[in-house]
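Input: a single structure, listed below in structure tokens.
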Amino acid sequence: MERKRSKPVQDLPETIHSLVGLKSHMTSAWVKSVCNIVKNVSSSEISSTSEEDDDSALIEVQSTRDQLSALTAHVNDQNKRRRQILNEFLDLKGNIRVFCRVKPLDSKNLRAPVASDTRNVIIKLTETKRKTYSFDTVFQPDSSQDDVFLEIEPVIKSVIDGYNACIFAYGQTGTGKTFTMEGLPESPGIVPRAIKGLFRQIEESNHMFVIKFSMLEIYMGNLRDLLVSQGTKPIDPIPPSLLIHTDAKGEVDIDNLVTLKVNDFNEVFKLYKLGCRNRATAFTNSNSASSRSHCMIRVSITCRGAPERRREKNKIWLVDLGGSERVLKTRATGRRFDEGKAINLSLSALGDVISSLQRKNAHIPYRNSKLTQVLKDSLGQDSKTLMLVHISPKEDDLCETICSLNFATRAKNIHLGQDESKEEQEEKEAVMMNLQKMMEKIEQEREIALKEIRYLNETLEKLSGKPHVIEEEEEEDEVREEIQVTPKIARSKSRRASDVFPSFMRPTASSNRRLSGTNFSVISNGPGFKSRRNSMISVRAESVCLPVKNIGFDSVCDSSERSVSKSTCVMRLNTADDAATDYSQDISECDIKLVVSEHKPKSLERGLGSAKKSGSKIGIVEKNAKQKVGGTEFTRINSWLHSQSENRSHVLDKKRLPSTPEPRRLSRERSLKKSSTKRFTAEKVTGNEVFEQLEDIQEVKTEETGIKPTRMLKDLFELQCLCSSEAEDQILSKYPSPDEETLYPPSLGYDELSQHIDNVWFGVDHSSEGEIDLKQLLTEMGVDQSLTPKSQRVLAFADGVAPPLLRVQETMGEKGKVHTFMQKLQAICFRILLGLGFIGVGFGNDFFNGLTK
Ligand SMILES: Nc1ncnc2c1ncn2[C@@H]1O[C@H](COP(=O)(O)OP(=O)(O)OP(=O)(O)O)[C@@H](O)[C@H]1O
């Protein structure tokens, strides 16, 4: 555009020329004149030119801005639509999806009893029997990391849309959980791909995102920050756990967990390596060889001013769960045993939560483990959950594979696949394909719009000198923080549940609150007892897995089992104003589950139902100490079993244990006698009865004498307790004489149960019991009658008359005989339990399963 120059500007060259040519005349008047000219030029003429320029530039800028706004609005609309479609798509697929990945078979093991297609895993149980497990997707042995991520990608997109998400890798050790999550440099896994995907999408987005990274592990029920180096020695106690808290909005956070702002993938990668190093150090210290903890990565996302997002702040958890193998198989002892136990219990709790969510239960048992507490706001509601179950096709691992598949089946969306006809499934697939196409189209359009936005932004920057600012709220300081540490909640100085000892069931703050509620009973304190506020007396949690035998199961590879998990927390509470009053509450939670690998008899199915109803979460509040010590036969069997399972010797000494309170014993006897047909045989004990009996379980623990594995019993167990008497004698002879710490079998009250045992195992007929002249018999044997109890149990003195089970230890004479007898007795007790069909004893096997279909 030709611009018309004003007069002073036209005169300027002449003026300058004259200035240069007439240097001699450069007087102050000249200088003044030049200054005036310059002044005039800048203030009037130049500004008037600039105004004209600005007018057109402003128009240009404004039009660019308008275009940008329109495009931004269009992209926002597209985002919204894409989010809706993606949500619809994921809803159809299910918010909780379960995938299965089959590990490639190494060439040494050519015979694989596991086959798979894209939706099913088929297990060859016997030559004629097959069992099929269906999943949302099955990644076959030759599937690549790309194939896996393709299925994961929609979830990553929904994270950008503001949804919380959780991706788990589950499975037996060595089945490829870490391979799937982390991958190898040449074939990266879900974690690097997901994080790269997040950054890529953020770059493409027209919003400002703040990404933060945290990494922690749950080891033996303790939350440990993996971005903080903790130089512990192997013998050191496990450091205190980080605390979990839930805010008013229901969002879960972890106190003092280091959360770092990250700007690109490389920063995340460095932090991830640091976390892995800290984890590895902890492993070495705890003498671990494989993942004995759950490794959890949290990526938090904040984006303000994006109304199309579900929420401003959201997160994704990427979790490499600890190996789910059975402790029985690993033969772990000591800390490894405890680690396995803690892992299995938390996996069990995770299974419970996912299953409850799938079934839309009113109560979701998040509180049962640290794992589920941490993930509470990322599991359920509108969160997206992906569980990748890893299995090994090896024949050796068949039991573990079946258990993993059972777990996965339980977590699977029950509405998916099972109730749908083929046509319905096809229809759904078609709808999903359509949605996917729509999504792809929107994404292409969005891509073009975003390119245009970038171009317009550059133009705008050139025109106006500053980029287009998308209307967004200012970031709060908290978001800008490099290292954000969540506020430390003031802790009382008193001991809390979390300080007591490693337990996967430490009560949460809410449970502590619950404990201080109404359900408590007063106990008297012993002398010298120091009152503490809200202090834990004991926290105890354990789980035993009991393979079910001889109860009519067609149990393939012995995978039928019942797991009994019980956690007990005794708490002493002081009211704020009455320091002298102490209260106690014993909260016991007992979870009984049954895993059946094959056909179940009807009676047991019924029993299972009842157990599920009543057995899950049985809250037993001890009314008083006496009642607790009293116990029942089952109490003692249970204690005894627990003592075995824990590899700790709880001396159950008859002398020290007060006998069963009379009314209670009588009522049990009465109830046993009620039904004359009720026999404790393998076939006749129904599931209902078993579970009713298990519900009665109470803890009787008189003394703990340290770690002492009961090898003999294990050996016997390994022989299935059905060995010949010669084999049994051989085992017994391997073991030294018992000392005072030796385990004693539970003392059984004489009732129908004992009678049954006597009849079945020793062929003793009690039909003529009433006719025996007890007095005469004892006199003949030279037994001091004043020492003997007034019951049929006195027959125990009469060697050869009474069944061996009834013999009293003290009358057995010299040590060798007592020893042999005691060993026999232990073996007998085992066999009794097996013979009853009531329980087969799996030592220390706290398998998580019980994952009943
Ligand atoms: N799909 C697969 N393709 C190739 N190699 C695999 C695959 N899955 C697992 N592997 C290999 O098997 C080995 C064990 O896998 P990985 O360490 O991932 O098991 P894991 O389940 O994480 O074990 P742990 O519970 O002990 O951590 C690794 O060497 C891994 O590379």
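Order of listing sets the numbers, starting from 1, for every ligand and every atom in it. Numbers for residues simply follow the sequence, beginning at 1.
Using a 4.0 Å cut-off between heavy atoms, Lys177 contacts ligand 1 through both its backbone and its side chain. In His390, neither the side chain nor the backbone holds a heavy atom less than 4.0 Å from any atom of ligand 1.
Rounding to the nearest 0.5 angstrom, the gap separating the CG atom in Leu371 from the CG atom in Leu345 is 12.0 Å. Atom CZ in Phe168 sits 4.5 Å away from atom CG in Leu379 (nearest 0.5 Å). Atom OG of Ser355 is separated from atom CZ of Phe407 by 9.5 Å, given to the nearest 0.5 angstrom.
Interface of Arg101 with ligand 1, defined as ligand atoms under 4.0 Å from a residue heavy atom, comprises 1 (N). When each atom of ligand 1 is checked for a heavy atom of Gln172 under 4.0 Å away, the hits are 21 (O). Every atom of ligand 1 is numbered from 1 in the order shown, and the set under 4.0 Å from a heavy atom of Pro104 is 1 (N), 2 (C), 3 (N), 7 (C).
Among the atoms of Thr178, some N or O lies under 3.5 angstrom from an N or O of ligand 1. No N or O atom of Val102 sits closer than 3.5 Å to an N or O atom of ligand 1. Checking only distances, Leu184 never comes within under 3.5 Å of ligand 1, N or O to N or O.
With Ser134 as the partner, the side-chain hydrogen bond (donor to acceptor under 3.5 Å, both in side chains) test is satisfied by one option alone out of Asp117, Asn120, Thr409: Asn120.
Heavy-atom distances between Glu182 and ligand 1 stay at or above 4.0 Å for every pair. Under a 4.0 angstrom heavy-atom cut-off, Met181 registers as lying outside contact with ligand 1.
Checking Ala169, Ser143, Gly176 against atom 9 (C) of ligand 1, the nearest heavy atom belongs to Gly176.
Remark: Asp253 engages Arg298 in a salt bridge, criterion side-chain N to carboxylate O under 4.0 Å. Ion pairing between a basic and an acidic side chain is recognised when a charged N comes within 4.0 Å of a carboxylate O; Glu151 and Arg101 show no such pairing.
No donor-acceptor pair closer than 3.5 Å links the side chain of Asn278 to the backbone N or O of Gly275.
Between Phe139 and Phe99, the two ring planes are perpendicular [angle over 60°; tilted spans 30° to 60°].
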